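Worth saying up front: this structure is predicted, and the values here are computed from it rather than measured.
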Amino acid sequence: PELYISALAKCRFLLLLDLSWNQIRFVPNNSFTKATILKILQLAFNWIDNLQFTKLDSLEYLNLTCNRLFIVRKYFFSNLTSIKILSLSNMNISSIADYSFANQAKLHSLYLHNNSLHIITKYTLYGLNNLNILQLQGNDIKKIDQKFAIGIQNSNIMISTSSVVF
């Protein structure tokens with residue numbers, strides 16, 4: 001059976017939507033166009049391997065934990081300009097393109113733990129000037145650029161690995 005997320009596009013008064021623990025593989029670009037006040041979107045524990053969002057101006061919390069996104073592309077979340085909390089943990093992400101979070105100036109909590117990240121460049125977290133919590137533990141990080149934290153000096157950064165080179 002196929003889950004038609006686009007059917008939810010007409011629900012314009014949704015504040016919270018939890019679609020966790022379904023077998024969702026893809027979220028079409030226009031899935032939430034009418035959900036103009038949606039604040040919380042839970043898509044955890046699905047099979048999502050591709051994701052596109054049109055403007056979700058009100059979305060503040062997005063949970064994608066335990067999906068199948070292996071690569072975060074440049075400007076991947078660019079239409080989520082109000083996002084404050086983003087969970088991308090437990091997905092086996094091996095690469096985050098530079099500037100992937102460039103439009104997320106309000107983001108204060110980013111959960112990237114338990115993935116397969118190897119390198120954090122100086123532009124991986126570019127634009128996250130209000131970041132307070134960054135969880136990177138449980139990755140295979142070998143190198144972190146010395147300038148990766150420019151603009152996020154007050155963050156609570158958690159890294160647990162013994163072979164990181166700065």
Separation of Ser95 OG from Asn115 CG (nearest 0.5 Å) = 11.5 Å
Which value, rounded to the nearest 0.5 Å, describes the distance between Leu59 atom CG and Ile85 atom CD1?
-> 10.5 Å
Transitive ILVMFWY side-chain link Leu128 to Ile119, under 4.5 Å = no
May I ask you to decide whether Asp140 forms a salt bridge with Lys142, counting only side-chain N to carboxylate O separations under 4.0 Å?
-> yes
What distance separates Thr81 OG1 from Asp57 CG, expressed to the nearest 0.5 Å?
-> 5.0 Å
Shortest non-hydrogen contact between Phe70 and Asn92, atoms and distance | CD2-O, 3.6 Å
Euclidean distance, Leu88 CG relative to Cys66 SG, rounded to 0.5 Å = 11.5 Å
Out of Asn22, Asn67, Leu19, which residue meets the side chain to side chain contact (heavy atoms under 4.5 Å, CB included) rule with Ile48?
-> Asn67
CZ of Arg73 to OG of Ser78, rounded to nearest 0.5 Å, is 13.0 Å
Sequence neighbours left out, what pairs pass ring-ring contact (aromatic ring centres under 6.0 Å, His included) with at least one residue falling in residues 80-99?
-> Tyr99-Tyr123, Tyr99-Tyr126
For the residue pair Leu86 and Phe101, establish whether any side-chain heavy-atom pair is separated by less than 4.5 Å.
-> yes
Can I get a per-line list of side-chain donor-acceptor pairs under 3.5 Å for residues 103-112, giving both atom names and the distance, sequence neighbours left out?
residue: Gln104; atom: NE2; partner: Phe77; partner atom: O; Å: 2.4
residue: Gln104; atom: NE2; partner: Leu80; partner atom: O; Å: 3.4

Path from Phe45 to Leu17 over hydrophobic side-chain contacts below 4.5 Å | no
To the nearest 0.5 Å, atom CG of Asp145 lies from atom NZ of Lys143 at 6.0 Å
Taking atom types as modelled, find out whether Ser87 and Thr65 have a side-chain donor-acceptor pair closer than 3.5 angstrom.
-> yes
Determine whether the side chains of Asn114 and Asn90 contain a donor N or O and an acceptor N or O closer than 3.5 Å.
-> yes
Provide the full list of salt bridge (charged side-chain N to carboxylate O under 4.0 Å, His left out) pairs with a residue in residues 13-33, sequence neighbours left out, each pair given once.
-> none
Is there a donor in the side chain of Thr121 and an acceptor in the side chain of Asp98, or the other way round, less than 3.5 Å apart?
-> yes
So do the side chains of Ile96 and Leu117 get within less than 4.5 Å of each other, counting heavy atoms only?
-> yes
Going by heavy atoms in the side chains, are Leu43 and Asn63 under 4.5 Å from each other?
-> no
Taking all atoms of both residues into account, what is the closest heavy-atom pair of Ser58 and Ser82, and its distance?
-> C-CB, 4.3 Å
Do Leu69 and Phe76 have side chains that get closer than 4.5 Å, going by heavy atoms?
-> yes
